[in-house]
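One structure is given below, encoded as structure tokens.
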Amino acid sequence: MLEPNPLADLTQANTLALRAQAARLVRLTALTDVPAVADLPGPVFILGGGSNVVLPPQMAGTVVKVELRGIREVASGPKGVILEAGAGESWHDFVAYGVARGLGGLENLALIPGTVGAAPVQNIGAYGLEISERIVGVTTYDLKAHVWQEWTPQACAFAYRDSAFKRAEPGRWLITAVRVRLPHRWQPRLDYPDLRQHPAWADTPPTPAAVFDAVCAIRRAKLPDPAVLPNAGSFFKNPVVDVPTYRAIAASHASLPAWPQADGGVKLAAAWLIEQAGWKGRRLGAVGMHERHALVLVNHGGANADDVLRLSEAVQTAVRARFGVGLEREPVMPAAS
Ligand code: EPU
């Protein structure tokens with residue numbers, strides 16, 4: 001039975017720790033209750049770990065906190081082992097589950113905050129790996145058509161920090177479970193410079209567990225822990241620009257980090273653009289861009305969504321003025337009541 005909890009405080013339910021209240025909050029813990037979500041007073045907003053959202057102070061409708069649990073091995077075939085996790089499991093715990101069984105394949109994505117169900121929505125990625133490379137299936141309930149569906153990776157239409165779940169009709173599909181394949185023939189993925197140069201490889205072979213530990217160490221050194229300094233990870237996507245724009249910036253900035261893309265564009269480092277535009281470590285009211293990583297917007301205490309929007313717009317304006325490049329926000333912003 002879904003039991004709505006009126007006027008729930010969500011300040012602890014979002015990693016930016018923004019002051020936010022839901023008109024109604026429902027905790028979804030059982031698969032048998034999933035179809036009933038479609039009948040809750042709308043708008044319905046699906047909340048996972050709250051690590052990629054900018055919540056408004058007052059949320060209309062019903063917030064559904066997905067707490068569907070369970071991790072299991074569903075199959076072992078010639079290509080690898082298939083693991084399935086309930087959408088409400090912690091993403092990091094799912095990564096650790098595979099690593100603890102000697103199964104490699106997710107270790108580069110260790111310590112990413114949030115839940116399993118949120119991972120395919122934004123196609124989480126870090127240290128040279130995107131989850132789209134491992135996903136073999138996603139189970140959803142369509143809140144509009146009232147049907148269960150199984151999604152192939154192709155149907156998910158994954159792209160950089162994007163998917164059909166985010167792009168087409170956000171909120172229509174309630175993700176209940178995600179399946180990944182972890183290859184038997186595992187190869188460490190050490191393309192990312194910090195990881196390749198990690199001192200551990202001088203005396204340790206890169207096993208799944210060793211890569212997992214290295215990724216955790218790199219993230220801890222570089223990125224603020226949301227439990228200590230509230231944040232939502234990268235606040236903007238890395239922008240992809242055309243070659244003339246890239247050349248114009250690179251002509252006067254030899255240190256510009258850039259990655260050519262298959263489609264002919266060039267991806268630039270948003271963190272670098274923000275730092276050059278003078279916003280690294282700078283505050284605006286209760287929020288600021290982190291002093292060790294310019295792409296991470298942090299809440300120094302007591303901020304709300306308006307504070308975040310103001311800083312986000314100031315940073316976008318500064319980067320556009322300096323480089324003529326637009327930055328796109330990464331976290332989603334549900335409507336206020
Ligand atoms: N850089 C700066 N200033 C800074 C920080 C970084 O100039 O303050 C430069 C670095 O020197 C580097 C470049 O920017 O040349 C890229 O920085 P980094 O390697 O830290 O990665 P990123 O592009 O900023 C992306 C993901 C992260 C992921 C890392 C590692 C996006 C939006 N972000 O960040 O993902 O952990 O790569 O793979 O793609 C997240 O999405 O929340 C997230 C943390």
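What you see below is based on every heavy atom in this structure, not just the backbone, and it leaves out hydrogens, waters and symmetry mates. For ligands, and for the atoms within them, numbers begin at 1 and follow the listed sequence.
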For this session: Kindly determine whether Glu150 and Thr139 satisfy side chain to side chain donor-acceptor pair (under 3.5 Å), including the steps that lead there.
Result: CA-CA 5 Å; Glu150 293 297 337; Thr139 306; 3.0 Å; yes
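- Nearest protein heavy-atom neighbour of atom 4 (C) of ligand 1: Glu275 OE1, 3.5 Å.
- The heavy atom nearest to atom 31 (C) of ligand 1, considering only Tyr160, Phe236, Phe235, Trp259, is found in Tyr160.
- With a 6.0 Å cutoff to the six-membered ring centre and a 45° limit on the axis angle, Arg167 does not count as a cation-pi contact of Phe165.
- With ring centers used as reference points, Tyr97 lies 6.0 Å or more from His92.
- Looking at Leu55 and Phe45, their side chains come closer than 4.5 Å, going by heavy atoms from C-beta outward.
- Using a 4.0 Å cut-off to heavy atoms of Pro257, the atoms of ligand 1 that qualify are 15 (O).
- Looking from atom 6 (C) of ligand 1 to the surrounding protein, the closest heavy atom is Ala271 CB, 3.5 Å.
- For the atom pair Arg134 CZ and Arg181 CZ, the distance stands at 10.0 Å (nearest 0.5 Å).
- For Tyr246 and Trp259, the gap between ring centers reaches or exceeds 6.0 Å.
- A single hydrophobic cluster is not seen to contain both Leu25 and Leu40; linkage of ILVMFWY side chains at heavy-atom distances under 4.5 Å, directly or through other members, places them apart.
- Within the 3.5 Å criterion, the main-chain N or O of Ala118 finds no donor-acceptor partner in the side chain of Trp91.
- Using a 4.5 Å heavy-atom threshold, the side chains of Pro334 and Pro56 count as touching.
- When each of Lys280, Arg322, Arg282, Arg292 is checked for a salt bridge (Lys or Arg N to Asp or Glu O under 4.0 Å) with Glu275, only Lys280 meets the rule.
- Hydrophobic cluster membership differs between Tyr127 and Leu106, with clusters built from Ile, Leu, Val, Met, Phe, Trp and Tyr side chains linked at under 4.5 angstrom.
- Among Glu291, Glu130, Arg161, the residue whose heavy atom lies nearest to atom 35 (O) of ligand 1 is Arg161.
- Residue Ala126 has no N or O atom closer than 3.5 Å to an N or O atom of ligand 1.
- Atom 13 (C) of ligand 1 has as its closest protein heavy atom Ala269 CB, 3.5 Å.
- Evaluated by nearest non-hydrogen atom to atom 24 (O) of ligand 1, the leading choice among Glu328, Arg219, His293, Gln276 is His293.
- Against a heavy-atom cut-off of under 4.0 Å, Glu330 is close to the following atoms of ligand 1: 41 (O).
- Distance check for atom 26 (C) of ligand 1: a protein heavy atom is found below 4.0 Å.
- Closest to atom 38 (O) of ligand 1 among all protein heavy atoms lies Tyr127 N, 2.6 Å.
- Counting atoms of ligand 1 from 1 in the listed order, those under 4.0 Å from a heavy atom of Leu295 are 24 (O).
- The ligand atoms of ligand 1 that sit less than 4.0 angstrom from a heavy atom of Lys222 are 19 (O), 20 (O).
- Closest to atom 22 (P) of ligand 1, if we only count protein heavy atoms, is Asn238 ND2, 4.1 Å.
- Ile124 and Ile135 fall within a single hydrophobic cluster, where Ile, Leu, Val, Met, Phe, Trp and Tyr side chains are chained together by heavy-atom contacts under 4.5 Å.
- For atom 37 (O) of ligand 1, the nearest non-hydrogen atom of the protein is Tyr192 CE1, 4.9 Å.
- The main-chain N or O of Ile175 is never found under 3.5 Å from a side-chain atom of Thr140 such that the two would form a donor-acceptor pair.
- Contact analysis leaves Gln122 out of contact with ligand 1, as no non-hydrogen atom separation drops below 4.0 angstrom.
- At the top of the distance list for atom 7 (O) of ligand 1, counting protein heavy atoms only, stands Trp272 CA, 3.3 Å.
- With hydrogens left out, the protein atom closest to atom 43 (C) of ligand 1 is Ser234 OG, 3.0 Å, a heavy atom.
- Close approach of ligand 1 to Ala294 is summarised as follows: ligand atoms under 4.0 Å from at least one heavy atom of the residue are 4 (C), 8 (O).
- Residue Lys237 has no nitrogen or oxygen atom sitting less than 3.5 Å from a nitrogen or oxygen atom of ligand 1, judged on distance alone.
- Distances below 4.0 Å separate heavy atoms of Gly233 from the following atoms of ligand 1: 42 (O).
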